[in-house]
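For reference, the structure is listed below as structure tokens.
All values below come from the heavy atoms of this structure, side chains included, with hydrogens, waters and symmetry mates left out.
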Amino acid sequence: MRAKYVLILLIIFVGTSCNTKKKDKIIKEEFKEVSKKQDSIVFSFTFLGCNRVDRHQVGDTTATNASTANLSAMKRIWTEISDLKRKPDLFFFLGDMVLAESTTAKLENQLIAWKKLYYNTSFSPISKSNIEMVAIPGNHEMLYWHDYNVPHHDEWPLKGATQIWMKHMAEYLPKDRDYVKGNDSINNQMTFAFTRKNIGFVLMNTDTYNSPTKENPYGLEGQIPTQWIINKVEEYKKDPKIDHVFVLGHKPYYVSGKPETGHKGFPEGPVLWPKLVENKVVAMLSAHLHDYQRMQPGNKGTYQVIAGNSGSPGSATFFGYSKIDIMSNGDVKLSSIGYDKGNPYYKAMPNSPSTVRDETVLTWSKNVNPYPNN
């Protein structure tokens with residue numbers, strides 16, 4: 001009788017245990033599903049630069065047109081961004097969209113032709129995608145090339161370039177931006193800042209115009225309004241409504257893991273970079289180098305990401321764009337998407353699918369997934 005009673009209790013226990021396990025499994029699955037839904041993209045933006053062709057391709061209709069853009073790369077990249085299931089909220093073009101680097105007349109004509117491509121829906125649907133376009137200039141828009149027998153310098157400030165840019169490209173500057181006021185406002189119109197959701201963006205013209213002086217009779221490249229940029233970064237850092245700050249500009253400070261103050265980078269890097277780290281700026285996003293690189297100097301803190309691989313000739317093995325997704329759980333996810341570069345570089349590559357070439361969460365501590373080749 002006692003044995004029978006024990007057997008009944010055992011059956012009840014096993015049945016209850018099985019039901020509990022089933023319930024636990026269901027709860028766990030439901031939790032995973034809820035977590036998955038909660039961990040969604042709250043804001044997304046793409047960034048790239050350097051799509052202009054080389055001088056040898058000017059006039060080559062298989063490569064470009066009056067815009068001097070790499071047509072096959074531009075069309076493919078713009079179309080793929082427009083076709084993303086979760087479209088980015090912002091699209092940053094970080095300079096060197098045209099070849100120019102000579103006269104204001106050439107700069108103006110090329111920018112006009114570039115804008116025609118942007119609005120040509122048979123070329124790309126980007127202008128109808130509801131993605132906010134923000135553009136800043138690079139050295140090819142702001143400088144001219146000339147050998148004045150000055151060591152390590154052959155690019156100089158192009159007088160009138162600022163006015164040409166503002167005349168044709170002002171529509172790609174956010175209307176709610178904050179910018180340099182006072183006596184320096186004319187030359188610093190393309191350095192500005194704005195916010196979207198809980199993100200602060202500081203955009204730099206890394207070749208701000210400066211007049212010739214006795215010490216620099218042809219002017220000097222690589223100038224930025226350093227203190228204004230630092231002030232804006234500090235302001236955003238103190239704002240409780242802003243959780244993430246990004247600084248963007250054509251020229252990077254770190255290249256292949258090393259600081260650069262010459263033509264590859266910019267002179268004010270040693271002053272600016274420590275302030276970015278101090279104020280926990282997530283990353284400086286740049287182009288200029290015709291390649292993709294991701295670095296975390298010192299293996300902690302602010303990142304340097306170079307996305308100059310959107311069509312210009314150089315060391316890049318793939319052409320494409322980079323994207324940052326701000327997740328609902330606070331993660332900042334970076335991905336770089338692209339296809340194999342053709343030979344020649346302006347050749348269309350329909351048989352090379354666009355794939356994720358780099359992907360990571362931008363953590364403040366040492367990144368567990370460093371990008372190769374850096």
Problem set entry | Test side-chain hydrogen bond (donor to acceptor under 3.5 Å, both in side chains) applied to Asn210 - qualifying residues, sequence neighbours left out |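 Counting only residues at least two positions away or on another chain, Asn210 forms no side-chain hydrogen bond (donor to acceptor under 3.5 Å, both in side chains).
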For this session: Could you pull out all residues at least two apart from Ser72 that satisfy side-chain hydrogen bond (donor to acceptor under 3.5 Å, both in side chains)?
Result: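 side-chain hydrogen bond (donor to acceptor under 3.5 Å, both in side chains) list for Ser72, sorted by chain: Asn70.
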For this session: Provide the closest heavy-atom pair for Val98 versus His140 in the form atom of the first, atom of the second, distance.
Result: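 Residues Val98 and His140, closest heavy atoms: O-CB, 3.4 Å.
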Assess [X] against [Y]: is NZ or CZ under 6.0 Å from the centre of the six-membered ring, and within 45 degrees of the ring's axis?
| X | Y | answer |
| --- | --- | --- |
| Lys181 | Tyr179 | yes |
| Lys232 | Tyr236 | yes |
| Arg177 | Phe194 | no |

Would you call [X] and [Y] a salt bridge, using N to O less than 4.0 angstrom?
| X | Y | result |
| --- | --- | --- |
| Asp243 | Lys280 | no |
| Lys251 | Glu221 | yes |
| Asp176 | Arg196 | yes |
| Glu234 | Lys237 | no |

Problem set entry | With sequence neighbours excluded, residues passing side-chain contact (heavy atoms from CB on, under 4.5 Å) with Trp145 |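 In terms of side-chain contact (heavy atoms from CB on, under 4.5 Å), with neighbours along the sequence ignored, Trp145 is linked to Arg55, Glu101, Asp147, Asp154, Glu155.
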For this session: Carefully, step by step, assess Asp54 and Ser312 under the rule side chain to side chain donor-acceptor pair (under 3.5 Å).
Result: CA-CA 7 Å; Asp54 194 27; Ser312 294; over 6 Å; no
Exercise. Side chain to side chain contact (heavy atoms under 4.5 Å, CB included) with Val134: which of Phe92, Phe47, Phe45?
Worked result: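 Result: among Phe92, Phe47, Phe45, Phe92 is the only option passing the side chain to side chain contact (heavy atoms under 4.5 Å, CB included) with Val134.
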